[in-house]
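Beneath this line is the structure, given in structure tokens, with notes to follow.
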Amino acid sequence: MLGIWTTDRIRAAEEKLLAVTPEGALMHKAAFGVAVHAAQMLAKHVGRVSGTRVTLLVGAGNNGGDALWAGAFLRKRGVRVTAVLLKPERAHEAGLAALRRARGRVVTADDGWPSIEQADLVIDGIVGLSARGPLRSDAAALVEHVSAPVLAVDLPSGVDPDTGAVDGPAVRATRTVTFGARKPVHVLNPGFCGQIHLVDIGLAEELGEPDLVQLGVADVAAAWPVPGPEDNKYTQGVTGIAAGSATYPGAAVLATGSAVLATSGMVRYAGSAADVVRADWPEVIGTGSVTDAGRVQSWVAGPGMGTGNEGRATLRHVLEQGVPVCADADAITLIAKFPDLLDARDPDTPLVLTPHAGEFERLTGAAPGADRAAAARAAARRFDAVVLLKGHSTVVAAPDGRTLVNVANGSWLATAGSGDVLSGLIGALLAAGLDPWLAAGAAAHVHGLAAYLAADGVPVPASKIQAAIPAAIRAVLAYTPR
Ligand SMILES: NC(=O)C1=CN([C@@H]2O[C@H](COP(=O)(O)OP(=O)(O)OC[C@H]3O[C@@H](n4cnc5c(N)ncnc54)[C@H](O)[C@@H]3O)[C@@H](O)[C@H]2O)[C@@H](O)CC1
Ligand SMILES: [K+]
């Protein structure tokens with residue numbers, strides 16, 4: 001698993017490291033990394049390094065210090081460097097001296113416009129770990145002038161380091177070079193960060209347990225149920241799907257088919273779309289109602305199920321069965337409307353809720369807000385359930401506080417029926433006995449990958465995302481350690 005640490009934790013780790021490191025050493029390492037990446041970007045965008053123009057946007061803290069030192073290193077490669085100082089009297093002293101020694105130009109913000117407009121590359125050292133609130137007006141004005149590719153130092157200025165929220169003008173970086181460890185902004189708002197590169201400054205030993213994690217492909221491969229010689233159709237779990245209706249069978253077909261494709265276990269469908277489901281998926285055992293569905297090891301309830309009395313009775317029944325439940329779409333709306341439905345649940349059996357922002361608001365009474373990880377964590381505690389909050393970055397929080405983020409490869413998942421596909425994957429993994437937090441995270445990973453493979457750069461309907469599930473699982477399992 002790849003760790004992500006909040007700024008408080010990073011700062012605490014840095015303090016420990018700073019105490020045992022010669023003064024300036026960490027900043028030199030960080031700035032050297034910035035300079036290397038800047039040179040790479042110049043080579044890529046301009047075709048050469050020497051003779052190009054780089055403009056540094058320099059704030060009053062160490063983030064600006066990094067930019068100034070990087071500028072000094074770039075001077076040695078023949079780059080024409082101009083530093084635009086937002087607070088000349090508070091600019092990082094040693095960094096500024098280094099740039100001056102290297103014969104870099106230094107101007108104030110008022111005189112900075114031409115150099116920003118003419119730059120081949122802009123290095124954003126306005127603000128880093130200590131950023132608070134929207135960019136101040138002088139910084140905001142500079143940011144709005146930038147049209148060249150931007151390399152952000154540590155994180156793009158104007159984007160909140162701990163939540164990724166943007167409230168006003170912000171840097172849209174082509175590349176972000178960060179130090180020691182990734183911060184929440186890098187996974188919660190990757191769109192503003194561009195390509196993210198981590199420069200090792202020796203922080204790993206001091207960091208401790210991460211605040212957020214991202215599942216690596218090897219983690220998903222290790223978790224995904226693969227049958228062994230001893231397994232049969234029951235040992236991989238039986239997934240029950242309560243979804244869709246005779247009038248709207250689509251959700252049933254999407255959720256059920258995805259469960260079929262996810263594992264080698266069995267799938268039962270219960271509802272009025274049974275005939276349509278069987279026509280598409282002959283291996284599925286279909287019944288008209290959850291009451292005569294037979295034994296399952298997990299239920300998926302909700303997609304296209306309706307929010308009337310019938311849906312309510314169905315949801316109550318599946319919650320009473322004492323098996324893990326993935327409650328999606330209409331099931332979330334029903335729980336929001338009738339919270340006592342959750343009384344039917346055995347508190348020791350896992351529940352996974354998969355709201356998008358609107359459903360989240362319905363469920364909890366408040367929109368997720370700027371801090372989506374904190375919102376998901378609070379809802380997970382409140383409902384004693386795994387909460388998967390959908391978005392470009394999907395956050396999955398467990399009641400015990402474990403939180404992972406799944407970053408989408410593009411936005412092709414934002415299409416009708418895509419959520420039904422996800423719920424089927426989660427249900428199949430729950431039936432196979434995976435920890436519910438890992439099941440939701442692994443399903444989100446494969447779902448995103450299937451969308452990416454199916455889309456191949458163009459819009460794609462949910463049925464094609466479903467059809468790409470085997471290719472996505474194949475790609476993931478290629479990472480299984482042998
Ligand atoms: N501490 C360390 O050991 C290291 C720190 N490094 C760099 O140091 C940075 C952190 O430095 P600092 O803690 O000095 O702080 P920053 O450089 O992140 O920011 C501090 C300055 O930004 C201003 N500021 C805050 N919010 C603002 C806003 N919304 N609009 C405009 N200005 C705002 C503050 O008034 C302050 O002057 C990291 O992001 C990283 O770039 C690296 O050099 C690696 C080593
Ligand atoms: K920055």
Side-chain angles (χ1 to χ4, degrees), residues 5-35 37-38 55-73 84-95 98 109 122-144 146 150-163 165-186 189 192-194 196-203 206-207:
W5 286 262
T6 57
T7 53
D8 283 350
R9 303 276 312 286
I10 300 223
R11 221 185 296 279
E14 270 178 357
E15 270 167 29
K16 285 196 220 156
L17 188 59
L18 278 170
V20 294
T21 319
E23 201 183 330
L26 291 187
M27 188 175 277
H28 287 189
K29 267 193 201 167
F32 190 74
V34 171
H37 281 279
T55 296
L56 319 172
L57 306 181
V58 181
N62 289 334
N63 196 251
D66 291 345
L68 289 164
W69 273 107
F73 290 130
V84 180
L85 307 184
L86 275 156
K87 295 248 179 318
E89 67 292 354
R90 286 177 51 207
H92 192 272
E93 220 171 297
V122 167
I123 295 183
D124 158 32
I126 297 176
V127 69
L129 277 182
S130 300
R132 292 290 168 271
L135 281 183
R136 293 181 196 136
S137 55
D138 51 348
L142 282 190
V143 164
E144 286 183 315
V146 176
V150 180
L151 187 166
V153 179
D154 210 3
L155 49 100
S157 302
V159 187
D160 188 275
D162 282 324
T163 67
V166 175
D167 183 10
V171 166
R172 251 185 201 278
T174 306
R175 193 180 289 203
T176 293
V177 177
T178 190
F179 320 113
R182 290 181 313 153
K183 291 98 201 179
V185 53
H186 300 128
N189 198 344
F192 276 74
C193 299
I196 297 159
H197 296 269
L198 180 63
V199 171
D200 184 7
I201 57 167
L203 215 56
E206 317 290 349
L207 281 166

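Please read all numbers here as calculations on a predicted model, not as lab measurements. Read the numbers this way: they start at 1 and go in the same order the structure lists the ligands and their atoms.
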When you measure from the K ion (ligand 2) to the N, O or S atoms of Val153, does any of those distances fall below 3.4 Å? yes
Return the set of residues passing salt bridge (charged side-chain N to carboxylate O under 4.0 Å, His left out) with Arg175 (not counting sequence neighbours), or none when no residue passes. none
Using atom types as modelled and distance alone, determine if a side-chain donor or acceptor of Lys183 lies under 3.5 Å from a backbone N or O of Ala181. yes
At less than 3.5 Å, what protein N or O atoms come close to the N or O atoms of ligand 1? Include the distances to 0.1 Å.
unit_1   : atom_1 : unit_2 : atom_2 : d
ligand 1 : 1 (N)  : Glu14  : OE1    : 2.8
ligand 1 : 13 (O) : Ser130 : OG     : 2.6
ligand 1 : 14 (O) : Asn62  : N      : 2.9
ligand 1 : 15 (O) : Ser130 : OG     : 3.0
ligand 1 : 17 (O) : Asn62  : N      : 3.3
ligand 1 : 17 (O) : Asn63  : N      : 2.9
ligand 1 : 18 (O) : Gly128 : N      : 2.6
ligand 1 : 18 (O) : Leu129 : N      : 3.3
ligand 1 : 18 (O) : Ser130 : N      : 3.0
ligand 1 : 26 (N) : Arg132 : N      : 3.1
ligand 1 : 29 (N) : Arg132 : O      : 2.9
ligand 1 : 29 (N) : Gly133 : O      : 3.3
ligand 1 : 29 (N) : Pro134 : O      : 2.9
ligand 1 : 30 (N) : Arg136 : N      : 3.1
ligand 1 : 32 (N) : Arg136 : NH1    : 3.4
ligand 1 : 35 (O) : Arg136 : NH1    : 3.2
ligand 1 : 35 (O) : Arg136 : NH2    : 3.2
ligand 1 : 37 (O) : Arg90  : NH2    : 3.0
ligand 1 : 39 (O) : Leu129 : N      : 2.9
ligand 1 : 39 (O) : Asp154 : OD2    : 2.6
ligand 1 : 41 (O) : Asn63  : ND2    : 2.9
ligand 1 : 41 (O) : Asp66  : OD2    : 2.6
ligand 1 : 43 (O) : Asp66  : OD1    : 2.5
ligand 1 : 43 (O) : Asp66  : OD2    : 3.2

Would you say the K ion (ligand 2) has Asp124 as a near neighbour, meaning an N/O/S atom of that residue under 3.4 Å away? yes
Gly59 backbone or side-chain N/O/S under 3.4 Å from the K ion (ligand 2): no
Which residue pairs pass the side-chain hydrogen bond (donor to acceptor under 3.5 Å, both in side chains) test when at least one of the two sits in residues 129-143, sequence neighbours left out? Arg11-Ser130
Using the K ion (ligand 2) as the apex, give the angle to atoms OG (Ser157) and OD1 (Asn63), rounded to 10 degrees. 100°
Check against side-chain contact (heavy atoms from CB on, under 4.5 Å), Asp66 and Asp154: CA-CA 9 Å; Asp66 291 345; Asp154 210 3; 5.5 Å; no
Answer yes if the side chains of Asp162 and Thr6 hold a donor-acceptor pair under 3.5 Å, and no otherwise. no
State whether Leu155 contributes an N/O/S atom found under 3.4 Å from the K ion (ligand 2). yes
In a check of side chain to side chain contact (heavy atoms under 4.5 Å, CB included) between Phe179 and each of Val199, Leu203, Leu26, Asp200, which one passes? Val199
Is the ring pair His197/His37 parallel, tilted or perpendicular, if the boundaries are 30 and 60 degrees? tilted
Under the rule for salt bridge (charged side-chain N to carboxylate O under 4.0 Å, His left out), what residues qualify as partners of Asp8, not counting sequence neighbours? none
